[in-house]
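Positions are given from 1, in the same order as the sequence printed here.
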Amino acid sequence: MAVAFRSTQIRGLMVIPLHYREEFIGVLTIFRSEFETKILWAGRCEQNRRQLLPQLSFDVWQEQKKGQAPEWKPEDILLAQALYEHFSMAIQQQQMYRQVQAMNANLELRVQEQTAELEKSLLFTKVLKQVTEHIRRTLDLQTTLQSIVREVRPLLNSDRVLIFELKSKSVIVEEMNGNWQSVLGVNAPPECFPDEYTRPYFQGRVRAINNIATASLSDCHREFLQSLQVQANLIVPINIGLELWGLIIAHECEAPRNWQDAEINLLQQLGVQAAIAIQQAQLYEQTCNAEIEARNQAAQLEHALHQLQETQTRLIQTEKMSGLGQLVAGVAHEINNPINFIYGNLCHASDYTEQLLEILRLYQLHYPHPHSEISAAIEAIDFEFLVEDLPKIMISMQVGSDRIRSIVLSLRNFSRLDEAENKRVDVHEGIDNTLLILQHRLKGNAEFPRIEVIKDYGNIPRVECYAGQMNQVFMNIFSNAIDALEMGIEEEAREQAWRERSRMGAEFSPLPHAPRPSASFQCPIPTIHISTKVSADNSYLLIRISDNGPGMTEEVRKRIFDPFYTTKPVGKGTGLGLAISYQIIVEKHGGIMECISEPGKGTEFWIEIPIKPPEKIVQ
């Protein structure tokens, strides 16, 4: 030690061992530096001449000592021993304080780590719950998958999260953070991913690659990942049953990354949730397809039924009108022959009668006094009245035959069996002929008053149409108008009877099938109004046929053109007339047919047909 301290000024030391509770904790060392001593034997002299000589030899009488150490005195040792206990206690307390500080720091760090792990686990659980709720809330596959990658990416704090579909071999959804290259729709090179590469994923294998550059990958695979700027990735399979549907992949593009177990576990659970979502979406899609197919089949059946009803309606009406046309034509033909014979001979019979009467007058002039038997016969037959009445009879027979010929001509025009089906005709003639056939219902009788027909004919050209079918339309509309007016008169009669019996205080029992009538309709003179005119652009013929009957409700008005729908009592209507009329106007002639009606305000039919129908309108 002396050699070690030789280069210093330390020449003395005191080493005191430090113990605390029988534990050696160190030593307390006290150092002393060297000092020099100089002994002057002569001492000081007075300044006189007698001491001068001894002073001249003073250097000889002095002693000098260097590098000496002070001696440790007993009181120094006692003081050091007193400091021993205080130093030992202080050092022990310091060590204990450091240990406590270290324990506290370690405990705080562990608490922070556990808190972070709990928070991260709670966040994972929250994300799983959100994804699960989203799966339950929607059955749209694309929306669910996009929600998964959107929730996972910030949770893993990765640069890119995507879902790869094995069937299309492409990325279908992705979520990125930063200006990285998008891989949406990118197809994986088939040569880089053979079948044996994906086989482990069928067994649910998870692959975590911390560093693409050092991982055991094929060159093709590594180059493909590097082209996508990937430096680390985490791959979790999405299995539906025994089938591998796809992969959910997390990419780290900034730098290599060590994937933690909690992150791998989270991605695995999300893979399970994605599989559930895909399976639900597939089942929903199958259900929707089955529903669409069922609706299509129902629509086809409904269309077929509609066509069948239309065909049935056409067949019934065609057969009906064919039979009616043949009957009308036959009756007209059978009546026409004898009436032509009668009409052709009436002029001769009238001439002959005039000649015979002239001869009788000559006989009376030249033979004023006939035989008594002739006088008796003349008086018996009231000869004067006979001579006066016989020309009137002939004139009446002439008028009747003219009327019959007019009716026969109307019947022939209505049936139109002897003319081309589509030709230019006078619509007014068809309306008049139809009214002539219905004349017996318009005249009225003891129960119903006469129905007044008001014609407001415009100056219209001949219209190219199916004349026979147009007459059917007029027949159906006029017949319905007459029925409505008759029903209105009956309703008014019941209302008057109700008021009369109520006034007389009698108990009123309504007719069966007839409820108490409503006073909203007051029947005026029953009237049918007919109006015709040409549209402003001279392309359409407008026909308006209205009545002042009781009208109809909105529910009834919406259904009057439906086949087999009728509001008439059983046996008085088939529900085909207006449906066929609508078909004739709209489909046959390319026109428009509408009905305007309100309860208590009558009914009006509005018909528009092109004066020259389009070429596409065919029979």
Next on the checklist: Taking salt bridge (Lys or Arg N to Asp or Glu O under 4.0 Å) as the definition, give me every residue that meets it alongside Arg462, ordered by chain and number, with sequence neighbours left out.
Outcome noted: none
Checklist outcome for this item: Sorted by chain and residue number, the salt bridge (Lys or Arg N to Asp or Glu O under 4.0 Å) partners of Glu175 (sequence neighbours excluded) come out as none
Checklist entry - side-chain hydrogen bond (donor to acceptor under 3.5 Å, both in side chains) with Gln364: which residues, sequence neighbours excluded? => result none
Next on the checklist: If the condition is side-chain hydrogen bond (donor to acceptor under 3.5 Å, both in side chains), which residues does Lys455 pass it with, not counting sequence neighbours?
Outcome noted: Asp432
Next on the checklist: Ser546: which residues meet the side chain to side chain contact (heavy atoms under 4.5 Å, CB included) condition with it, sequence neighbours left out?
Outcome noted: His529, Glu604
Quiz: residues 592-599 side-chain donor-acceptor pairs under 3.5 angstrom, not counting sequence neighbours:
residue, atom, partner, partner atom, Å
Ser597, OG, Met552, N, 2.9
Ser597, OG, Gly602, O, 3.1
Ser597, OG, Thr603, OG1, 3.0
Glu598, OE1, Lys601, NZ, 3.4

Next on the checklist: Taking salt bridge (charged side-chain N to carboxylate O under 4.0 Å, His left out) as the cut-off, I'd like each qualifying pair that reaches into residues 274-301, sequence neighbours left out, listed once.
Outcome noted: Glu291-Arg295
Next on the checklist: Taking salt bridge (Lys or Arg N to Asp or Glu O under 4.0 Å) as the definition, give me every residue that meets it alongside Arg557, ordered by chain and number, with sequence neighbours left out.
Outcome noted: Glu554
Item to check | Contacts of type side-chain hydrogen bond (donor to acceptor under 3.5 Å, both in side chains), residue Asn239, not counting sequence neighbours | outcome: none
Checklist entry - With sequence neighbours excluded, what pairs up with Glu486 under the salt bridge (Lys or Arg N to Asp or Glu O under 4.0 Å) test? => result Arg441
Checklist entry - Which residue pairs pass the salt bridge (charged side-chain N to carboxylate O under 4.0 Å, His left out) test when at least one of the two sits in residues 335-361, sequence neighbours left out? => result Glu358-Arg361
Checklist entry - Is the number of heavy atoms from other residues, nucleotides or ligands under 6.0 Å of Phe164 CZ greater than 12? => result yes
Item to check | Partner residues of His366 under the side-chain hydrogen bond (donor to acceptor under 3.5 Å, both in side chains) criterion, sequence neighbours left out | outcome: none
Next on the checklist: Can you tell me if Tyr363 has over 12 outside heavy atoms packed within less than 6.0 Å of its OH?
Outcome noted: no
